[in-house]
Structures are given as structure tokens and as C-alpha cells.
Q: 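Submitted below is the structure of interest, expressed as C-alpha cells.
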Amino acid sequence: MFDYKVLCRAKLSIIFTITLVAMIFVIYKDSIICENSEETRAQLRSSTGSIIYENSEQTQGKLRSSIGNKQLYSMQEKIDEVEEENLQSLVLPLSVTEEERIAWFREKMPKIQIFKSNNLTRKFHSRVKKFFRSGCEAQFFMTWISPAATFGRREFFSLESLFKAHPHGCLMILSRSLDSGRGNKILKPLVDRGFKVKAVTPDLAYLFNNTPAKAWFKEMKSGKKDPGEIPLAQNLSNLIRLAVLYKYGGVYLDTDFIVLKPFTGLKNSIGAQSMDMETKNWTRLNNAVLIFDMNHPLLLKFMEEFASTFDGNKWGHNGPYLVSRVVENIGKQPGYKFTVLRPMAFYPVDWIRINRLFMKPTNRSDSRWVQEKLLQLSGETYGVHLWNKQTRNLQIEEGSVMGRLILEHCLICQHIYSS
């Protein structure tokens with residue numbers, strides 16, 4: 001006769017053993033699935049050069065059979081590690097003759113990625129139209145022809161201030177380097193908060209097509225034109241901003257610009273950098289902020305001037321001085337409707353005096369000056385150009401005009417005094 005307790009213990013032992021085996025099987029099975037999924041993803045990366053995002057609703061690590069709405073990002077030219085190397089090809093040699101520089105440029109041309117076409121450039125127009133299709137109170141553009149790793153806190157403050165003033169605006173950054181996994185991470189804090197910002201690889205051939213810039217671009221790509229000593233990226237940015245506004249219309253902003261209030265009501269406008277205090281006439285314009293409708297004739301004139309008078313050896317010749325020359329030459333000719341805004345609009349502090357805005361007050365007189373400057377900027381000033389060439393190495397000191405402005409106009413407001 002069986003002992004009832006012995007039988008119960010035997011049943012429990014069997015149940016425990018079966019359960020343990022089942023758990024081990026499930027864990028082992030999941031491990032195999034996970035390993036196979038990772039291996040599959042690795043194979044896909046190596047064979048297609050793309051990062052494929054998984055659908056979170058799928059289970060057991062199965063890959064998506066289609067791309068769906070997720071964007072595939074090309075691991076451009078051996079991913080982010082070679083990004084800086086590629087962009088360094090735009091840094092031209094100094095102290096060489098024109099012939100030597102042209103020869104050097106012709107040799108480097110095959111490595112200059114921004115001139116090349118790829119899967120992302122071919123989708124440029126459709127990506128722009130899709131991005132601006134819905135819910136944009138204003139279209140903003142910036143350019144970034146530098147490694148993504150160099151897009152720092154100062155530049156990010158510019159984005160924050162733009163969306164603080166225009167929460168329903170849409171910002172597109174024309175940048176091959178930011179149109180990447182690293183770029184996504186940089187912009188993610190704003191995207192996660194619902195703001196519409198996107199980096200898109202520009203298609204220069206498309207942007208310059210049917211404009212005076214096309215001939216210049218063709219000649220530059222041939223390697224027969226002198227790029228000059230000024231960084232080519234700077235001059236490309238000068239031209240790209242004109243072309244993108246001509247093709248799509250909107251607002252162009254430099255990335256070293258803090259927006260203080262909405263651009264509501266501004267139309268076909270360019271800002272004066274300086275003016276004659278006696279005559280009240282402008283003496284120099286600047287292209288760090290441009291606000292123009294699509295197909296505006298002044299933009300066409302700017303591109304004509306760029307193509308016909310290009311000089312890569314003179315700083316500002318193809319930028320601020322260019323827009324100044326053109327506006328001065330056309331004078332009050334009919335057919336051009338635009339407004340030149342006073343320096344207080346975008347350039348309330350010139351590059352010679354901008355340093356003081358970064359310094360904290362050390363006495364009562366300094367504190368009074370800070371308050372007066374902040375009050376002045378709250379008037380007709382839409383934003384402040386930071387002149388990064390002069391200020392990029394300056395720390396924003398606590399209590400300074402710049403520190404106060406960023407605190408008031410930031411969204412995430414992190415690391416203000418460590419930027």
C-alpha cells in the first residue's frame with residue numbers, strides 16, 4: 001500500500017522538474033531568437049549600410065518586413081567616425097599660389113562629400129515638402145556644414161529660443177552630418193517635446209538648378225575654379241541659404257542667433273548691421289537672417305552676384321558684403337519689394353562690443369548697464385546675433401546679459417553657464 005505523503009512528494013517533484021525544464025527551454029529559445037535577430041541586423045547593416053529600426057509591437061525579435069514610416073539612415077561614408085575627415089576636405093591650404101590651390105582642390109574633389117549624390121540627396125525635395133506639409137506657422141532654415149560632434153550647446157540654445165518664440169514653427173537644418181544617428185540624438189530633446197525640427201541632407205544640384213548658381217556649381221565641381229583661402233563650407237552656406245529660400249521661401253537663420261520674439265509680421269526683410277547715425281541710412285547689411293517669399297527677385301539677384309563675382313579669398317565678399325552691394329546697386333528700382341530693418345532688429349550689438357554681453361556685472365554700474373541693455377533688447381529687437389567667430393570661446397557668465405537672455409528664452413535650459 002502506497003504512502004499517500006510519499007505519492008504527493010513524488011508528484012510535486014515531477015511538476016517542479018517539468019516546470020524547470022520548460023523555463024530553461026523558453027530562456028534558451030529566446031536567447032537563440034535574440035542572437036539570430038542581432039546576427040540578422042548585423043548582416044543587414046553590413047550588406048545594405050543602413051540602420052533598420054524595429055517595430056516595438058512585434059514580438060520575439062522578428063525584423064520588420066518593410067520600412068513603413070521609419071526613416072532609414074545611411075551610414076554615410078563609414079558612419080560618424082569618418083565624418084570629420086570628410087569635412088576636413090573642405091579646409092583649403094594656406095600660403096599657396098592660386099595654381100597650387102586649384103590643383104589641390106581638383107585632387108580633393110572626389111572626397112568632398114557635400115558635392116556627391118546619394119540616396120538621401122535624391123529624396124531631398126520630397127523630404128522638404130513632406131516636412132512642411134502640415135501645421136507650420138512659419139518655415140525656418142539653418143545650415144550646418146561641419147561635423148555633428150561640433151554642434152554644441154551654443155547652437156542648441158539657438159534652436160531652443162526659436163521654438164520658444166515659435167512653438168508651432170518648423171525648422172529644417174540643411175546638413176549632411178546632422179542627417180544621421182548622431183544628429184538624431186542631438187535633436188531628440190526637442191523632437192520628444194513635440195517641436196518640428198529635422199536635419200536633411202541637401203541636394204545642391206537640385207537647389208542650384210534653374211538659378212544663376214548652377215553655372216558656378218558646375219564650374220566648381222569641375223575642379224577648374226579657385227575656391228580661395230576662405231573655408232569653402234562658409235561660402236557654400238552663403239549660397240545654399242539663398243537657393244533654399246528662393247525654392248521654398250521662409251526664414252533663414254544662422255546657428256549663432258538667439259531669437260527673442262516672434263517674427264510675426266516680417267515679410268521680405270533683411271537686416272542692417274550698421275547705419276550712419278547722422279543720415280540714418282544703413283552702411284552695411286548682413287545675411288545671417290533673411291526673410292523672403294519663394295521666387296523673390298532679390299534672391300535671384302543675390303545668386304547672380306555670387307556667381308559672377310565669386311572671390312574665395314576675401315572674407316564676407318560672398319556674404320554680408322554681397323547683399324550690401326546688390327541692395328545698393330538696385331536702389332529703388334521697381335519690381336523689388338523688401339524692407340531693410342534697422343540694426344536693432346537683428347544686430348543690436350556689433351562684433352566689436354559683443355564680448356560684454358557674456359560678462360557678469362562686477363559692480364553697481366555694471367548691474368545697471370545689464371538692466372538697461374535687457375530693457376533695450378525687449379523693444380524692437382527680434383534676436384541677437386552672437387558673432388560666434390568672436391565669441392565661441394567665451395563662457396556665458398551668470399548674471400550676464402547673455403545668461404539672462406538664454407534663461408528667459410530657453411526651453412530645456414541645461415548647462416547654460418558651461419557652454
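The model shown is predicted, which means the values in this text are computed figures rather than measured ones.
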Q: With the side chain counted from C-beta on, respond yes when Glu137 and Pro167 share a heavy-atom pair under 4.5 Å apart, and no when they do not.
A: yes
Q: Taking Gln139 for the side chain and Val251 for the main chain, is one N or O donor matched with an acceptor at less than 3.5 Å?
A: no
Q: Using a strict threshold of under 4.0 Å (side-chain N to carboxylate O), is an ion pair present between Arg101 and Asp226?
A: yes
Q: I'd like to know if the side chain of Arg193 reaches the main chain of Pro189, judged simply by a donor and an acceptor atom lying under 3.5 Å from each other, with no hydrogens or angles considered.
A: yes
Q: State, with a plain yes or no, whether a side-chain heavy atom of Leu298 is found less than 4.5 Å away from one of Ile330.
A: yes
Q: So Gln395 and Phe358, do their side chains get closer than 4.5 Å, heavy atoms only?
A: no
Q: Taking only residues two or more places apart in sequence or in another chain, which ones pass ring pair (Phe, Tyr, Trp, His ring centres under 6.0 Å) with Phe195?
A: Phe163
Q: By ring pair (Phe, Tyr, Trp, His ring centres under 6.0 Å), which residues pair with Phe310, not counting sequence neighbours?
A: Trp216, Phe306
Q: Do Phe157 and His409 have side chains that get closer than 4.5 Å, going by heavy atoms?
A: no
Q: Please report the closest heavy-atom contact between Gly319 and Asn287, naming both atoms and the distance.
A: CA-ND2, 3.5 Å
Q: Indicate yes or no: at least one non-hydrogen side-chain atom of Phe208 is less than 4.5 angstrom from one of Ile240.
A: yes
Q: What class does the angle between the rings of Phe105 and Phe115 fall in, given that below 30° is parallel, 30 to 60° is tilted and above 60° is perpendicular?
A: perpendicular
Q: Arg127 vs Asp179, test: salt bridge (charged side-chain N to carboxylate O under 4.0 Å, His left out). Steps then yes/no.
A: CA-CA 12 Å; Arg127 295 176 75 189; Asp179 191 6; 2.8 Å; yes
Q: In the structure I gave you, are the side-chain heavy atoms of Leu190 and Leu411 within less than 4.5 Å of one another anywhere?
A: yes
Q: Let's go through Trp315 and His317 carefully: what are the C-alpha distance in whole Å and the side-chain angles of both, what is the deciding distance for ring-ring contact (aromatic ring centres under 6.0 Å, His included) to 0.1 Å, and is it a yes or a no?
A: CA-CA 6 Å; Trp315 186 93; His317 177 83; over 10 Å; no
Q: Of all residues at least two apart in sequence or in a different chain, which pass the side-chain contact (heavy atoms from CB on, under 4.5 Å) check with Thr97?
A: Glu99, Glu100
Q: Just checking, any donor-acceptor pair under 3.5 angstrom between side chains of Asp311 and Asn318?
A: no
Q: Would you say Ile406 and Ile396 make side-chain contact, with heavy atoms under 4.5 Å?
A: yes
Q: Just do the salt bridge (charged side-chain N to carboxylate O under 4.0 Å, His left out) check on Lys224 and Glu219 with the steps written out, would you?
A: CA-CA 6 Å; Lys224 299 176 182 178; Glu219 190 176 5; over 6 Å; no
Q: Using 30° and 60° as the class limits, which term best fits the ring planes of Phe263 and Phe346: parallel, tilted or perpendicular?
A: tilted
Q: ring-ring contact (aromatic ring centres under 6.0 Å, His included) between Tyr246 and His296: does it pass, once the steps are laid out?
A: CA-CA 6 Å; Tyr246 185 74; His296 195 281; 9.3 Å; no
Q: Given 3.5 Å as the limit, does a donor-acceptor pair link the side chain of Ser324 with the main chain of Leu285, or not?
A: yes
Q: Classify the ring geometry between His125 and Tyr206 as parallel (under 30°), tilted (30 to 60°) or perpendicular (over 60°).
A: tilted
Q: Other residues, nucleotides and ligands only: do more than 12 of their heavy atoms fall within 6.0 Å of CZ on Arg353?
A: no
Q: Side chains of Tyr252 and Thr143, heavy atoms from C-beta outward: is any pair under 4.5 Å?
A: yes
Q: Taking atom types as modelled, find out whether Ser269 and Thr339 have a side-chain donor-acceptor pair closer than 3.5 angstrom.
A: no
Q: Between Thr121 and Ser117, is there a side-chain donor-acceptor contact under 3.5 Å, judged purely by atom types and distance?
A: yes
Q: Counting heavy atoms not belonging to Lys214, are there more than 12 under 6.0 Å from its NZ?
A: no
Q: Taking the six-membered ring for Trp, are Phe132 and Phe141 closer than 6.0 Å centroid to centroid?
A: yes
Q: Is a salt bridge present between Lys314 and Glu229, judged by a nitrogen-to-oxygen distance below 4.0 Å?
A: no
Q: Count the heavy atoms of every other residue, nucleotide or ligand shown that sit under 6.0 Å from CZ of Arg325, and state whether that count exceeds 12.
A: yes
Q: Show your reasoning for whether salt bridge (charged side-chain N to carboxylate O under 4.0 Å, His left out) applies to Asp256 and Arg154.
A: CA-CA 7 Å; Asp256 57 344; Arg154 188 75 58 81; over 6 Å; no
Q: Go through the steps to decide whether Arg241 and Asp254 satisfy the test salt bridge (charged side-chain N to carboxylate O under 4.0 Å, His left out), and finish with yes or no.
A: CA-CA 10 Å; Arg241 69 189 68 181; Asp254 272 359; 3.4 Å; yes
